[in-house]
Amino acid sequence: MKRRPSGGLLDRDRALRFSWDGRTLSGFAGDTLASALLGNNVSTVGRSVAQGRPRGVMSAGLEEAHAFAQIGEGGATEPLVRSTGVELYEGLVARSLSIRGVLSPETDSGRFEKRYAHADVMVVGGGPTGIAAALAAGLQGARVVIADEGPELGGALLRDRYLIDGRPAAEWVRAAGLMLAGLPEVRVLPRTTAFAALDQNGIVLAERVSQHLPIADRSGLADRRLWRVRAKQVILATGALERPLVFPDNDRPGIMLASAARAYLHRFALTPERIVVFATNDDAYRTVFDLHDAGVVIAAVLDARDEATGGLPRKARQAGFEIETGAVVTGTIGDQDGVLQAVRVARLAGGGERLVPCDLLAVSGGWDPNLNLHQQRRGATRWDDRLATFLPGAAVPMQTIVGAANGRYGLNDCLVGGREAGLAAAAALGFAGTVVPAPSAGDEAEGEHASVWHITAPDGDESRSFIDLHRDVTVAGVTRALGAGVRHVEHVKRYTLIGTGVEQGRSAKVNAGRAVAGGIGLDFAQVGVSSGRPPAEPVPFALLAARSRGALFEPVRTTPIHPAHVALGAVFEDAGQWKRARYYPRPGEGMSEAVVRECLAVRNGVALMDASTLGKIDVQGPDSAKFLDRLYTNRIGTLKPGRARYGLMCRLDGVVFDDGVVMRLEPNRFFVTTTTGNAGPVMEWMEQHLQTEWPDLRVWLTSVTEQWATVPLVGPRAREVLAPLVVGMDLSKEAFPFMAVKDGVVAGLPARVARVSFSGELAFEVSVAWDQGLALWDALLDAGSAYAITPYGTEALDVLRTEKGYIIVGQDTDATTTPADAGLEWMIAQDKDFLGKRSLERPAMQRTDRKGLVGILPDDPGVVVPEGCHLVADPNEATPMTILGHITSSFVSPSIRRSFGLAMVTGGRARVGQRLYAPMMNGAPAVTIVDPVFYDPKGARRDG
Amino acid sequence: MLLIRCPWCGEREETEFRYGGQAHIATPRSDVDDASWARFLFHRDNPAGPFAERWVHIHGCRRWFHIVRDTLTHDITRSYLPSESPEDAG
Amino acid sequence: MHPNEHALHNPEFLWRNPDPKPSYDVVIVGGGLHGLSTAYHLARNHGIKRVAVVERGWLGNGNAVRNTTIIRSNYLRDESAALYEHCLKLWEVWTEELDYEILFSQRGVLTLNHNLHEVREGHRGMYSNQLNGVDSEWLDAQAVKEFCPIVNTSADLRYPVAGGTLQRRGGIARHDAVVFALARAADRLGVDLIQGCEVTGFDIQRGRVTGLVTTKGRIGAGKVGLVGAGRTPLLARMAGIEVPLQSAPLQALVSDIVEPMLPCVVSNALHVYVSQAHKGELVMGAGRDPYTSYAQRGSFHILEDQMAAALQVFPIFGRVHLLRTWAGIVDVTPDASPIVGITPVEELYLNCGWGTGGFKATPGSGWVFAHTIAHGAPHALNAAFSLDRFETGALIDEHGASVAVH
């Protein structure tokens, strides 16, 4: 096509250079990549997927099936972008795509972000219908969001010569734009595509914030922005898409939709020399008038209908155009590059063909309302014979479909329909009373749309008659599918790949359905088309992720003592979102050396750790004891104030859920701890039962996980270290025995001290206000310096608790483990009910061959059998082997100076004394099953 | 992406809530037989149509409540307190 | 291979479109993959000639076309490993047996672990698999990088990749081709595939099923197999059977076509799994939506979370386009394991509850279900997957060990 010296919606003063497949070309501000390519006489913009045929720009919008390009450079390179939607900018780098996009491993500096908006009325589409709707609702005072994919409002008005209220439509668009801009509650979002329709009128938009700007001008701006809009009313003014026609060689560069030919003239000042217009409806006649007026030779006007009686054809005749009704294109001829040179024309009724030379064939197979968003909400569609397309059935609740999207193609219909929809949406929300202007246009009487969609190949070869231009699927392909016995369009889609392309086969769907109906002699209305799925337009993954990347992916939770761990050189582990110190290596130490040292400090001296991540819940109220008795498997109500008890909880199905310590502070006040990972779930579990099952109980729950920082001071010298720090607190065994709790002052800080121990040593667990945690830690370190106090991490704790046979829920247990399986049958109160108790009575829970917790001692004391290894009786059995259980915890014990561990095996402690094997790819070490308590079985050290 | 009406806080995005399954399941006495207990533990109505279900406004007021939601359309027709029955007007 | 090539290999003939006969020896309700597989195996393995599949829509219209086509057998529990390994072994011979290029590609399934707990559970699964005859190996972060270079193994990651377990025999297959292949194979063996035929009731005489009421009339049946995935509870209820299933949306998505770069399938604890299909598009799945639904759509934030997680592990995916999303209706049991076996109604059999993992089970599910129907009793491979386990408490928990952190 040629660029005309003037005209179009271009800024001729701003010539822009861009690169196409390495060539430097130029266009103007206002061009799309597609129009700029056409303006540079680039006819072939890519090759077809299967047959490798040359393809050119065939549309000026969403219908595009060929012109996809790879855009950008480096980390910001983006594959498969529709060239008709890319605004040209200085320095744009684009490449034609050979089928597949290419990703860049380089860092992407583009920023994607999200915003949320609430609207009374969301108007999707900024054509005449959408503008009229937004204006009507906005003037009534409603909060309106109107989005359009183009850089400016106007939609189809930008590509056509319409009059509104007797003036050029552009003037009305401009005036309406100014009015909208003056309404404080109206937000106009150009360059914004609505791509997803969610339940309860959520509309998701993708706004191109800086994608249209030269790279250098983008700094500080988002690349794109995702909007999640919640609207009380939605008006879908999404317009209609023009449909191609199917005939032999209908895919050549130089064949384009009739409306696109007008768009390239009016918006981009591009014209061919000789055009053939192939119409099945009246709208295509606009192309005849407009291109003729622009000096293009009208080589032929073909109308597949037997007669063309609508207003526009009549005018065309009056203007002297020769209209051939009942005439069609039966084939096309290309030059050596495959670009259109001439079309074959014949009468539908038969007879000879003639050749008509031309450099543009404008086709219109009719119009399909753009109903993707409607269909995303499972909105129905129905076939309409007169318009030969699918129209929307009833809109989903709180939505209206209006204008061309509703099959009302006349401009006046659009303006009136849009305005009425805007008024009705506003009125439904109580906004009414303002006089809203009623624009009007003179619509032509419209003739019927032809049901012609496919011109049979005169030679019977349908392998070049493309139904899905993007996926390269032909009539022959569909015929083959039907011959194979498939009947449903979805099967045809899957057999041929029709409609599976990047544009979801938008322009192919209806023709595909007709091909199926025709092939099997069924009524097309019953065959139907495949439904649109989100997104309506492709969006980059990065847009959905937006700012949830890098450091912002998920928060990092740290305790107030974290800086001390960092200063000590701790190695951390992720525990959910928490960072926990795993061990504190000294120079030259690896993990195992550090852990041995830390364990020995606990066993022989004094040590401290940061247990602040444990979940903590404050339980208050007169029914607290009753409440906790229903939750925990063991008896809580008998606990005396000032005393603590180990507590175990089950799920309703009897599986171990969580464990922790329950402290009774006052008769009606408890303080319970949970595992770090279950802090949230236990709190929710308690709340759920309190609110939904036992609303009669007078209990109040408060999560205080991040109100208390907790530091266990552990080891035989713990008492000596703590003593100088407390005031008026008798730490003696008699006054402060194991499982006692006292409030007092530690190191000048109000503190709660509990004699609980997860390591089996003498321990004082000190809790202070969260923001005083670091002060407590420093004070304890300071006080212990004379005793070589040693910070220890979670790894040492794991060794220490395993030596004592204490389980970790989720490590030594899984979603099948009952309290008895875990060796905690003594925790089951017989004289009360609790959540999950009834489930424990089911037959499978009572079986004697259930897995139970045991200890293991490897034959070789120097070998740590890996956790997760499974145990068998016969290491030489062929696979699948008879598995008896698996190792849940496995370490070297510095205390008993050998490897050891815990396991869950069938039969549990009945196997004590047996020798089992842990087969792996490289051997099958033997282990002996033993009692799971390896250290201080009487608890003398803990109670000391 | 549901928009759910919390009876205490009003309409909020689904991300503020957590699902709690079918509403109005009565806990049976613990002396029922295994079949009845299994029904209580595992069997839920799973209808294709209106469904009374529980949600908790976990990132809001933390309160449990009930809604009636159509499982075919996701339309929510009622939001009510746990103390009410699904048939109550409102 | 260009992206259309495999479609061109579809055979000239797939199936007849017969009207239903008055009666059959066995009628399978549900023309999804498991229903087709059952019918095929009834005819192939058990010589039952008069078999029909009745399908309310079109063959494979449910989860067959809404899954991510991942195939693996590295399940934790012994019962599951045995069943899924049986499935995988059948996949390994199916291209030949069905005489159809189903594009079964054993490119490996890599499951990433991001913290100590996951590493421990990963090892547990691996050792269990190895003893069960299921291939599984451990890759540390370095080996992960070598095996799948586009995985971000940087220590700066919010949840750095600690390693992963790899099942090399795992992979993907082309789901549409599997539907076509099974339907054609069943049709060739004389199975009547009756589409557009909805079951509206059951004839049950003295506790025994004798036929079906359908939108195409009454169809007599000696035996009936229900294989309705998410619709199974609705069907079972018509027969007076309560099934502990929840039907929930499971969303997945596909990207535009990009150059091959992902040599395997990757799943991880960030609730995202991804493979690259033969055409070149990325196929990804996420965690399921929590609520009951038959709407075949899920909530948008699930996709947003999934994308954020995917870009943690694969930053290179940033500008790939989300092309289409969809949701299947998965039928989830309380223990995340299927129900395959007898029911309280004589000669009425049940196969459901495959939840989020049904595609990979297609061969073995039909194999054991056909055996169960033919013999009136389960095969050893599916004996544990009985309906009554929910009453006894003998569940087969496949949720993965519960995650708790001290």
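- Note on A:E867 versus C:R120: salt bridge recorded, some NZ/NE/NH1/NH2 to OD/OE distance being below 4.0 Å.
- In this structure, the portions of A:A76 lying under 4.5 Å from any heavy atom of chain C include both its backbone and its side chain.
- Heavy atoms closer than 4.5 Å to chain C are found in the side chain of A:L198, but not in its backbone.
- Side-chain contact annotation: A:R487 with C:Q195, donor-acceptor N/O pair under 3.5 Å absent.
- With hydrogens and angles ignored, the 3.5 Å screen pairs no side-chain donor or acceptor of C:T392 with any backbone N or O of A:P843.
- With respect to chain A, the highest number of heavy-atom pairs below 4.5 Å among C:V65, C:N61, C:L303 belongs to C:V65.
- Neither the backbone nor the side chain of A:D653 comes within less than 4.5 Å of any heavy atom of chain C.
- Contacts between C:A309 and chain A at a heavy-atom distance below 4.5 Å involve backbone atoms as well as side-chain atoms.
- A:T879 places none of its side-chain heavy atoms less than 4.5 Å from the side chain of C:E85.
- Residues A:Y495 and C:L14 are in side-chain contact: their nearest non-hydrogen atoms beyond the backbone lie under 4.5 Å apart.
- For A:F112, the part lying under 4.5 angstrom from a heavy atom of chain C is the side chain only.
- Only the backbone of A:P555 comes within less than 4.5 Å of a heavy atom of chain C; no side-chain atom from C-beta onward does.
- Contacts with chain A were tallied for C:V179, C:I396, C:N132, C:T325; C:T325 has the most, counting heavy-atom pairs under 4.5 Å.
- Side-chain atoms of C:H321 and A:E537 form no donor-acceptor pair, as typed in the model, at a separation below 3.5 Å.
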